[in-house]
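Before any comments, here is the structure.
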Protein chains: 2
Amino acid sequence: MSSVSETKAERIPAAQRREQILDAAAAVFGERGYAGATTDQVAQAAGISQPYVVRMFGSKEKLFCELLLRARQRLEERLSAALARPEVKALDKQGRKQFLGRAYVDLVGEADIVLPLAQGFLLGHDPVIGKYAREGFLVIYRLLRDEGGFTPEEVRDFLAGGMLINTLLTLQMTELYGSDETARELLGCAFGEKIDIVLHDAGTAS
Amino acid sequence: MSSVSETKAERIPAAQRREQILDAAAAVFGERGYAGATTDQVAQAAGISQPYVVRMFGSKEKLFCELLLRARQRLEERLSAALARPEVKALDKQGRKQFLGRAYVDLVGEADIVLPLAQGFLLGHDPVIGKYAREGFLVIYRLLRDEGGFTPEEVRDFLAGGMLINTLLTLQMTELYGSDETARELLGCAFGEKIDIVLHDAGTAS
DNA sequence: GTCTATAAGTGGATAGAC
DNA sequence: GTCTATCCACTTATAGAC
């Protein structure tokens with residue numbers, strides 16, 4: 001394990017550092033949103049200096065776009081891979097839908113893909129990021145419809161469930177799981193048996 | 001009608017001014033989010049000076065909380081009133097659900113209630129606003145469950161649909177209705193016959 | 001590849017006049 | 001009830017050293 005107290009970051013290849021920053025950025029932007037997060041917070045989370053973050057990506061906006069792109073790609077891969085699996089292909093529609101739903105919840109637990117996406121969806125007003133986010137959303141819609149063989153209404157319902165999950169996460173409703181009965185009921189029926197995944201903030205290991 | 005070019009706002013009662021500011025804030029925060037919006041933008045939208053906005057509400061944060069509270073109350077009233085109507089009570093569950101869905105879309109068209117709420121749901125990390133937003137969400141959940149007589153799963157599905165609508169709005173997906181076939185399909189099946197409501201930004205009349 | 005120093009700009013909030 | 005002036009903190013981005 002790396003020491004926590006080092007004041008200068010070790011010298012590592014740019015490509016690797018890039019990934020580290022993207023991971024850190026996913027966590028920070030995912031929690032605080034684009035406007036609410038600072039490049040300095042990202043830098044601290046990544047263990048480097050703020051100017052280096054900016055230098056690596058050119059600007060805060062470009063960093064966020066990279067993040068959105070990466071998150072979208074991972075989501076695409078995941079859904080695509082799930083739909084391509086033989087056991088899944090063998091299921092009926094209803095079964096495939098449920099399987100996809102669980103795959104989405106899995107994604108939530110593994111890395112900070114979902115949160116940055118959710119934050120991006122709020123930025124429709126931004127000329128650059130908004131365009132990006134809309135396109136990404138539509139890519140996922142088409143993937144589900146075409147590769148999944150679902151009707152528009154079915155895709156809509158699936159997306160709707162995803163948006164509820166996103167909302168509960170960004171709201172940090174999980175904080176109330178232990179103390180509020182209503183929250184527990186809602187979370188339970190939104191996340192199903194996979195509820196445990198979201199119940200503890202998993203510290204991101206490097 | 002009031003002249004647009006006046007450089008000083010006319011002297012009006014504080015209570016009335018308050019409402020104006022809240023209306024303006026709903027539009028600005030709804031579009032740009034809490035962190036992304038400035039008190040100066042709110043002030044300009046309301047036709048007054050930036051310090052006056054701050055003075056009236058104490059701080060940006062308090063203004064936003066007021067906004068959230070007001071939005072929540074209006075949503076509550078609306079849903080509650082809809083559920084209390086005799087024609088609605090006479091409907092079966094499925095019918096009530098559909099009616100509520102349309103009532104929600106109506107709300108989108110009438111005033112800026114939905115957008116600020118949606119933006120608030122992204123602020124779970126904020127100690128003050130997050131608490132507020134979570135509570136509001138749960139209030140609506142309970143209202144639907146108890147006054148509507150729905151099961152948790154039914155309420156979940158209703159809320160999910162609402163979150164999809166929120167997302168499409170904050171994404172400004174409606175911008176693509178005219179130019180992108182996929183977007184048209186998605187919007188069509190998310191908003192149903194009420195799609196017209198969201199297709200033109202209605203300028204807020206005073 | 002990474003940092004320190006810092007410029008330049010923005011935004012929330014306060015003070016006090018009218 | 002409303003404004004002008006202004007302070008101060010914060011944030012992004014640049015320059016240049018190591």
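Letters A, B, ... mirror the listed sequences (proteins, then strands); counts begin at 1. Note that this is a predicted model, so its numbers are computed, not measured.
- To the nearest angstrom, P of C:dG11 lies 14 Å from OH of B:Tyr34.
- With hydrogens and angles ignored, the 3.5 Å screen pairs no side-chain donor or acceptor of B:Thr39 with any backbone N or O of B:Gln50.
- B:Ala35 comes within contact range of no nucleotide atom at all, as no heavy-atom separation falls under 4.0 Å.
- Residue A:Thr39 is classed as a sugar-phosphate contact, given heavy-atom separations below 4.0 Å to backbone atoms only.
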Under 3.5 Å, which protein N or O atoms sit close to an N or O of nucleotides 5-10 of chain C? Give each pair with its distance.
none

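- Residue A:Leu164 holds its CG atom at 12.5 Å from CG of A:Leu159, rounded to the nearest 0.5 Å.
- Here B:Glu66 does not pair with B:Lys62 in a salt bridge; the nearest charged N to carboxylate O distance is not below 4.0 Å.
- Two residues, B:Ser59 and B:Arg55, neighbour DNA chain C, and the one matched to the more 5' nucleotide by heavy-atom proximity is B:Ser59.
- Map A:Gly58 and B:Arg11 each onto its nearest nucleotide of DNA chain D; the residue landing nearer the 5' end is B:Arg11.
- Salt-bridge check for B:Glu175 with A:Lys131: failed, with every basic side-chain N at 4.0 Å or more from each acidic carboxylate O.
- Between B:Asp23 and B:Arg70 a salt bridge is recorded (basic side-chain N to carboxylate O distance below 4.0 Å).
- No more than 12 heavy atoms of other residues, nucleotides or ligands sit less than 6.0 Å from atom CD of A:Glu181.
- Scanning DNA chain D 5' to 3' for nucleotides with an atom closer than 4.0 angstrom to a non-hydrogen atom of chain A gives a first and last hit of D:dT11 to D:dG16.
- In this structure, A:Phe64 and A:Tyr34 have tilted ring planes: the angle between them lies in the 30° to 60° band.
- A salt bridge between B:Glu110 and B:Arg78 is present, with a side-chain N of the basic residue lying under 4.0 Å from a carboxylate O of the acidic one.
- Using a 4.0 Å heavy-atom distance criterion, B:Arg17 is classed as a sugar-phosphate-only contact.
- Using a 4.0 Å heavy-atom cutoff across all strands shown, A:Ala43 reaches no nucleic acid atom at all.
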